[in-house]
Amino acid sequence: MVTLSGRGASGGIVTGTVRYYARAAVRVHRREVEDPNPELRRFERARGIAVRDLTRLCLSGKRSVGEDGSLIFRVHQMMLEDPEYCAAVRRMIREERINAEYAVSTVTAEFARMIGREENGYISTRAADLRDAADRILSILSGQGQPELGDDGPFILAAEDLSPSETVRMDRRKVLAFITAGGSRYSHTAILARTMGIPAVIGVSGVCKELDGQQALVDGFTGEICIAPDEQTIRRFREYSRRHDADEERLQCYRDRKTATADGRRIRLCANISTPDEVETARQNGAEGIGLFRSEFLYLAGGGYPSEAYQFSAYRRILEAMAGRRVVIRTLDLGADKRTEAMDLNAGMSLGLGPRGIRLCLNCPELFRPQLRALCRASVYGHLAVLLPMVTSTREITQVRDLLRGIRADLDREGIRYSDDMELGVMIETPAAAILSDQLAQEADFFSIGTNDLTQYTLALDRQDGQIAAFAYEDDTAVMRLIALTAEHAHRAGIPVGICGEMAGSAERTEEFLNMGIEELSLPPHTILPLREKICAM
């Protein structure tokens, strides 16, 4: 038996077969040929296989992520069938007498450059789609193929690292757990795993292809991984898991209780979710509302742009399921580590210092307006509050309110209903927003403090870097002072303030948050009942 150690990122104990996931990397070299006809046939064969694969993925995607979520595969298919693109590849093979791989790579790069120069933001982002579609052809030509997440199972997924888009596109019914060499407990992928209730261990030295096919035991609580565990080890961990399950059963008595201390201090415990399917998990764990719905995962799940109709359906479903309880939906917060194939965002901007959140949305109204329309239309089906990410000035709130006025005027002309009571809140997640919270409070209906990014930006650390994050998060005094300042300004302006970052679930900080007058804590569904038990005993 071999034991690997990492950091537990999402609780749970499972045993199963490891499947190693690696992104395909194809190196392309120029090779001259005497007869171009065999290369032309190789190109057509690979293109045909790629189109058939994409058709299959589109059909299976409709079942798992819906019509619009699977649209990205149809977009890729259409690009591989584009007459101009195909003609350019064939022409280069014939005229320069070169191998198919080099022609595909060169023509794709040129077409992507031309598309990327378009001033229209929506059109320019199609460059990333073209590169992804061409990579599928190159993988087939090289004989490597492209690994797909969730094609078999159940399994334990092992990888060097996983992006949020890769994680959300997993078939969660088949993935037992995941282990990665990279990432930190505060990365979006780890947070997503906790929300999904999938055990996860990150920062594991020794994650490699040799693990593929091995039997393993994964402990997402302690970060311990046992490869080829013996029966004694399995029994020990099963007993530990049994005690944990007994604790969860005991906590069910708190599911329908209000969250209040013994002396009557009241606070709401709400859930962070990333997909409409997670609403039921939130309700089963006693959520008093949805404190954060990460709408960007509607984009990450399918890799493209979900339509207004698809978003409206998702938002309405959440609001109706919560039956009048407050639902906070954060507008699109792509950027940093949350990238989608449809958006050619600046690579390397790991700290999110490039286009992200409200900055990205205001720069791309063709992307933002459909979401705002969908939110307005859904607002009549429940208690909706809209949350703006990465706000750093009152000007950004004013711009959004102007957009909303125009959208509501359009909806009036179209005879479409919306609610005038929809709240508009600001996410406090930069030092600038915390310092200017007295001004922002004059424009916002509520505050939600995102402690993950607030910590990252305040302490100048990369939340994806496990070593730095583990060290720097030990002292968050500066962050707590910014939270206290924000709460003070919110109360002075008469608006509510909550916390939706990982710190919301910190039992050690609960007393301080209560003393600050924080009215809501929003956390992963599976952590609500343990925290409620603690608060009720205070």
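The residues of the chain are indexed from 1 along the displayed sequence.
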Quick check: closest heavy atoms across [X] and [Y], and the distance to 0.1 Å?
X: Val201; Y: Gly220; result: CG2-CA, 4.0 Å
X: Gly291; Y: Val328; result: O-CB, 3.3 Å
X: Glu278; Y: Ser274; result: OE1-N, 2.6 Å
X: Glu429; Y: Tyr457; result: O-CD1, 3.3 Å
X: Ala271; Y: Ile528; result: CB-CD1, 4.0 Å
X: Val204; Y: Gly6; result: CG2-CA, 4.0 Å

Look at the side chain of [X] and the backbone N and O of [Y], then say whether any donor-acceptor pair between them is shorter than 3.5 Å.
X: Asn452; Y: Glu502; answer: yes
X: Asp476; Y: Val479; answer: no
X: Ser295; Y: Leu332; answer: yes
X: Arg330; Y: Met427; answer: no
X: Asp453; Y: Gln456; answer: no
X: Asp219; Y: Gly8; answer: no
X: Asp333; Y: Arg294; answer: no
X: Glu39; Y: Ala100; answer: yes
X: Arg532; Y: Arg255; answer: yes
X: Arg47; Y: Cys86; answer: no

Ring-face cation contact, Phe155 with Arg19, 6.0 Å cut, 45° max: yes
Find out whether [X] and [Y] are in side-chain contact, i.e. whether some heavy atom of one side chain is under 4.5 Å from a heavy atom of the other.
X: Phe221; Y: Tyr240; answer: yes
X: Phe513; Y: Glu520; answer: no
X: Ile483; Y: Leu454; answer: yes
X: Tyr85; Y: Val104; answer: yes
X: Pro199; Y: Leu176; answer: no
X: Val207; Y: Tyr20; answer: yes
X: Val279; Y: Arg317; answer: no
X: Thr455; Y: Met503; answer: yes

Mind running side-chain contact (heavy atoms from CB on, under 4.5 Å) on Leu269 and Ile535 for me, showing each step along the way? CA-CA 10 Å; Leu269 294 189; Ile535 293 173; 4.2 Å; yes
Working note: Tyr315 + Gln371, criterion side chain to side chain donor-acceptor pair (under 3.5 Å); need CA distance, chi angles, decisive distance, verdict. CA-CA 10 Å; Tyr315 304 149; Gln371 179 172 42; 3.0 Å; yes
Among Asn272, Leu387, Ile273, which one satisfies side-chain contact (heavy atoms from CB on, under 4.5 Å) with Phe293? Ile273
Looking only at the side chains, is there a donor atom on one of Thr259 and Tyr254 sitting less than 3.5 Å from an acceptor on the other?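 The criterion, which ignores hydrogens and geometry beyond distance, is not satisfied for Tyr254 and Thr259.
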Would Thr17 and Gln215 count as having a side-chain donor-acceptor pair, cut-off 3.5 Å?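 Checked: Thr17/Gln215 side chains pair up, N/O donor to acceptor below 3.5 Å.
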Exceeds 12 heavy-atom contacts within 6.0 angstrom, atom CZ of Arg45: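 No, because the 6.0 Å sphere around CZ of Arg45 holds 12 heavy atoms or fewer from other groups.
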Between Arg243 and Glu239, is there a salt bridge with N-O shorter than 4.0 Å? yes
